[in-house]
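A quick write-up on the structure given underneath.
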Amino acid sequence: MEMTKRKLLNGARFLSFTLNGENYCMDILKVKELMGMTSVTPLPRTPEFIRGVINLRGQIIPVIDLRLKFGLSFREYTKRTCIIVVEVEYSGDIVLMGLVVDSIQDVVSIPEEKLTKIPYINARIKSEYIRGVADTPEGMKIVLDVLRVLSEKELEVVKNTAEEQIKTEK
């Protein structure tokens with residue numbers, strides 16, 4: 001038991017998930033909530049990867065499909081499809097957004113020395129989205145930098161989209 005506690009405290013904690021059969025993870029401190037797939041209200045004139053918005057306890061949250069954002073083909077949502085609600089900062093404001101992933105795995109602890117920086121993953125996923133790759137007991141994990149998944153221009157679209165939706169609901 002003592003050894004398990006020490007392992008968990010040794011290194012940062014990450015939420016692992018799958019996308020197109022690949023194992024990814026993100027800093028658990030950015031995750032605000034995990035939820036099953038729910039109906040998403042589509043929005044006109046937004047990039048394809050912005051699936052729309054959801055109302056989470058009175059708060060309008062834009063939903064981004066990571067498969068589409070990374071240039072992967074759309075896959076019908078299943079019982080295992082989840083939305084990871086994350087918190088990012090944009091222009092001094094805290095913005096919540098939902099990230100659609102194929103399935104959530106578990107929470108893993110990755111010591112900083114196990115995180116290897118790499119120039120690129122593949123042609124589809126740009127290296128600026130990636131903090132590094134970690135070899136864990138559960139296998140290789142691609143560690144995403146949630147703050148960089150969306151460009152500044154895309155974050156602005158997401159923020160404005162949520163604000164416009166709030167105005168139309170009033």
Side-chain angles (χ1 to χ4, degrees), residues 13-108 120-133 141-170:
R13 295 180 63 198
F14 296 87
L15 175 69
S16 69
F17 59 92
T18 60
L19 205 55
N20 203 39
E22 300 266 351
N23 290 314
Y24 293 85
C25 55
M26 68 177 64
D27 188 336
I28 195 85
L29 296 176
K30 298 292 178 205
V31 176
K32 291 298 157 204
E33 187 158 338
L34 304 174
M35 57 189 293
M37 196 60 207
T38 185
S39 93
V40 177
T41 304
L43 295 169
R45 298 184 313 276
T46 57
E48 183 185 15
F49 64 86
I50 299 177
R51 300 303 294 163
V53 292
I54 58 173
N55 184 330
L56 182 64
R57 291 184 294 282
Q59 192 165 12
I60 303 300
I61 298 173
V63 176
I64 287 93
D65 189 318
L66 281 183
R67 290 179 69 88
L68 299 176
K69 173 60 183 160
F70 291 163
L72 303 168
S73 60
F74 177 77
R75 188 173 101 180
E76 288 299 319
Y77 300 139
T78 67
K79 295 187 302 192
R80 301 211 19 107
T81 305
C82 294
I83 298 175
I84 303 171
V85 179
V86 297
E87 184 179 83
V88 294
E89 189 177 328
Y90 172 71
S91 295
D93 292 330
I94 298 297
V95 178
L96 291 179
M97 65 181 172
L99 303 175
V100 177
V101 300
D102 292 348
S103 66
I104 292 173
Q105 303 296 286
D106 54 9
V107 175
V108 295
Y120 74 97
I121 298 294
N122 62 35
R124 285 188 227 175
I125 301 174
K126 296 179 182 177
S127 62
E128 68 241 25
Y129 306 153
I130 310 297
R131 265 181 66 187
V133 175
K141 305 269 187 198
I142 301 167
V143 181
L144 286 183
D145 185 341
V146 176
L147 300 176
R148 293 187 172 174
V149 167
L150 296 182
S151 69
E152 197 163 310
K153 185 177 179 185
E154 291 166 341
L155 270 171
E156 186 177 339
V157 168
V158 165
K159 184 175 181 233
N160 292 341
T161 297
E163 288 173 354
E164 286 175 26
Q165 187 66 25
I166 290 167
K167 286 177 192 167
T168 60
E169 288 191 0
K170 288 185 177 178

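We count residues from 1, following the sequence as given.
- With sequence neighbours excluded, no residue forms a side-chain hydrogen bond (donor to acceptor under 3.5 Å, both in side chains) with S39.
- Put simply, the side chain of K79 does not reach to within 4.5 Å of the side chain of Y77, judged on heavy atoms.
- Contacts of R80 classified as salt bridge (Lys or Arg N to Asp or Glu O under 4.0 Å), with partners at least two apart in sequence or in another chain: none.
- M26 CE to D145 CG: the interatomic distance, rounded to the nearest 0.5 Å, is 10.5 Å.
- Residue pairs meeting the salt bridge (Lys or Arg N to Asp or Glu O under 4.0 Å) criterion with at least one member in residues 47-65, sequence neighbours excluded: E33-R57.
- Applying the side-chain hydrogen bond (donor to acceptor under 3.5 Å, both in side chains) test to S103 and every residue at least two apart in sequence or in another chain returns T18, Q105.
- From I54, atom CD1 reaches atom CD of Q59 across 10.0 Å, with rounding to the nearest 0.5 Å.
- Shortest non-hydrogen contact noted between P62 and V53 is CA-CG1, 3.8 Å.
- Shown here are the side-chain hydrogen bond (donor to acceptor under 3.5 Å, both in side chains) partners of R67, two or more places apart in sequence or in another chain: N20, D102.
- Taking CD1 from I104 and CG from L15, the interatomic distance works out to 5.5 Å, rounded to the nearest 0.5 Å.
- Each of L34, T38, L99 was scored for a side chain to side chain contact (heavy atoms under 4.5 Å, CB included) with I83, with one residue passing: T38.
- L72 CG to L19 CG: the interatomic distance, rounded to the nearest 0.5 Å, is 6.0 Å.
- Looking only at distances, a side-chain donor or acceptor of S16 sits under 3.5 Å from a matching main-chain atom of D106.
- Between I130 and L144, some side-chain heavy-atom pair lies under the 4.5 Å cut-off.
- Taking all atoms of both residues into account, the shortest heavy-atom contact from I61 to L96 is CG2-O, 3.7 Å.
- With sequence neighbours left out, D27 forms a side chain to side chain contact (heavy atoms under 4.5 Å, CB included) with F14, L29, K30, R131.
- For E87, there are no side-chain hydrogen bond (donor to acceptor under 3.5 Å, both in side chains) partners two or more places apart in sequence or in a different chain.
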